[in-house]
Amino acid sequence: MLYRIPRGVNDILPDQIAAWQQAEANFQKLCRLYNYEEVRTPIFEQTELFVRAVGEDTDIVAKEMYTFEDRSARSLTLRPEGTAPVVRAYLENSLQGQDPDRLVKLYYIAPIFRYDRPQAGRYRQHHQAGAEAIGSPEPEVDAEIIQLSLDFFASLGLKEVTLLLNSVGCPQCRPTYIKALKRHIEPHLDEMCSDCQRRYDANPLRLLDCKNQTCRQILEQAPSMLDMLCEECAVHFDTLKQTLDLLDIAYNIDPHIVRGLDYYTKTAFEFVAPGLGTQDSIGGGGRYDGLIEECGGPPTPAVGVGIGLERTLIAQEAAGVAQPEPAREGVFVVTIGAPAWPEGLKLLAQLRAAGLPAEIDYRRRSVRAQLRYADGEGCRWAAILGEDEIRSQTVTLRNMVSGEQDSIRQSELIDRLSAEL
RNA sequence: GUGGGCGUAGCUCAAAGGUAGAGCACUUGACUGUGGCUCAAGUGGUUGGGGGUUCGAAUCCCCUCGCCCACCCCA
């Protein structure tokens with residue numbers, strides 16, 4: 001073998017396509033139900049867009065982007081997340097129109113690229129189904145995004161999805177919180193891991209999700225962001241919780257949900273599912289009220305979600321959700337003997353022209369082999385053409401499920417099958 | 001980026017220094033023109049790749065690539 005697939009990326013082969021198409025179709029259907037419209041943005045953007053939107057200090061920007069120069073020395077980057085390109089397209093095409101308060105609801109299904117060490121459920125190219133609601137500050141919209149996501153998981157038979165919920169505050173209250181957090185940590189700083197010592201200055205919020213034992217202990221008594229939200233953020237969070245209660249959506253408050261993208265404000269959430277090992281997050285999102293302004297637009301509040309399709313499908317498999325058997329359909333043209341071959345080819349073309357899925361065995365093997373092939377291909381009918389049939393202008397039509405067969409006129413075959421299939 | 005486990009037929013796996021195998025799948029036949037069940041025969045391998053040790057390597061050593069697991073990160 002001369003060439004192998006690059007590390008960390010996958011082929012999606014015919015036997016997996018049904019699961020993918022089901023997931024994609026369900027997501028699209030739900031988005032239409034919730035009045036979100038599809039956008040398709042390029043797989044690469046100016047590098048600066050992601051650096052600015054996601055944040056220079058994040059792992060995604062610092063070490064996980066596929067960045068390259070084109071032939072004119074422009075720095076471009078393969079999309080490492082879905083929100084920034086949508087925001088760019090929203091601004092560039094003035095999707096808000098003349099109404100500055102207009103709520104623009106968009107969705108996408110797109111490949112995402114991150115140079116990470118591959119692992120089960122973690123790939124260098126994966127696919128996200130995402131939804132963004134741009135233009136509304138209302139917590140009910142956060143709830144809508146969450147509900148849409150949960151409906152999607154439910155539509156795929158995923159029953160044990162847990163919603164983890166947090167608020168990461170806003171530019172008003174977060175600095176106060178960070179000051180309090182650092183004040184708590186400072187006396188213990190030299191006991192903490194080297195990563196945390198670096199984060200202390202670079203990105204103190206990230207201290208919260210350190211998995212190191214000693215760091216965790218020190219952080220256990222640390223103040224919680226949730227206790228220090230400003231009035232506006234606290235009301236937003238309370239209203240969101242009330243709305244979720246109203247909609248019978250269960251959630252676990254988890255103050256350690258921080259998210260790896262700097263643009264989040266207020267609501268941050270994550271969906272976790274069993275069966276994935278340590279990569280158990282199948283989706284996540286939150287509010288990003290500052291991002292549109294950061295990208296050069298007017299102050300515009302927004303909220304969104306990204307769902308990992310590979311992980312969702314792994315969770316679906318782990319949960320033992322059976323894929324529906326493809327229905328038997330199609331006609332297999334069986335020819336017997338040399339004179340029947342051209343007649344079979346003509347019949348094959350006629351069937352296809354009439355919109356009936358049809359196949360033939362180009363290897364011209366024994367009847368036995370042709371029927372076995374037809375069975376393996378999942379055909380519902382076999383149309384058998386031999387000397388007898390040609391002489392009498394008929395075809396032997398065999399039902400591949402029941403095994404019954406009878407002789408019918410060639411001129412009636414298409415009408416008969418069209419009625420049945 | 002760090003540490004560990006594993007790479008043998010299309011698939012799932014044996015063979016622990018001495019002839020590379022089994023089951024499933026596939027092909028053909030038993031059944032001159034009828035699939036699924038049964039039986040029989042057959043096809044199929046640079047043992048991930050490269051180098052080394054040895055009379056002899058799937059097996060031991062080194063390098064490399066890939067997958068998996070944990071850290072990390074996140075979808």
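The chains referred to below are lettered A, B, ... by the order of the sequence lines, with proteins before strands, and numbering in each begins at 1.
Under the ring-ring contact (aromatic ring centres under 6.0 Å, His included) criterion, A:Tyr34 pairs with no residue at all, not counting sequence neighbours. Taking the ring-ring contact (aromatic ring centres under 6.0 Å, His included) definition, one finds that A:Tyr177 meets it with nothing, sequence neighbours left out. In this view, A:Tyr123 and A:Asn10, A:Glu310, A:Ile314 satisfy the side-chain contact (heavy atoms from CB on, under 4.5 Å) rule, not counting sequence neighbours. A:Tyr107 meets the ring-ring contact (aromatic ring centres under 6.0 Å, His included) test with A:Phe27; sequence neighbours excluded. For A:Phe50, there are no ring-ring contact (aromatic ring centres under 6.0 Å, His included) partners at least two apart in sequence or on another chain.
In RNA chain B, runs of at least 3 consecutive Watson-Crick or G-U pairs, each pair with both distances below 3.5 Å, span B:1-7 with B:65-71, B:10-13 with B:21-24, B:26-30 with B:38-42, B:48-52 with B:60-64.
Looking at the side chain of A:Asp375, the nearest of the listed nucleotides B:C74, B:C69, B:G35 is B:G35.
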Listing, residues 345-359 of chain A side-chain donor-acceptor contacts under 3.5 Å, not counting sequence neighbours, or none:
residue: A:Arg352; atom: NE; partner: A:Ala358; partner atom: O; Å: 3.1
residue: A:Arg352; atom: NH2; partner: A:Ala358; partner atom: O; Å: 2.9

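Only at 4.0 angstrom or more do the heavy atoms of residues 11-24 of chain A sit from any atom of RNA chain B, so none qualifies. Remark: nothing in residues 77-89 of chain A comes within less than 4.0 Å of RNA chain B through any heavy atom.
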N/O-N/O pairs, protein side and nucleotides 29-31 of chain B side, under 3.5 Å:
residue: B:A30; atom: N6; partner: A:Arg368; partner atom: NH2; Å: 2.9
residue: B:C31; atom: O2; partner: A:Arg368; partner atom: NH1; Å: 3.3

Report, one pair per line, the protein and nucleotides 43-50 of chain B atoms (nitrogen or oxygen only) whose separation is under 3.5 Å.
none

Short N/O separations, protein against nucleotides 8-13 of chain B, under 3.5 angstrom:
none

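Rounded to an integer number of Å, the gap from CD1 of A:Ile60 to C1' of B:C72 is 13 Å.
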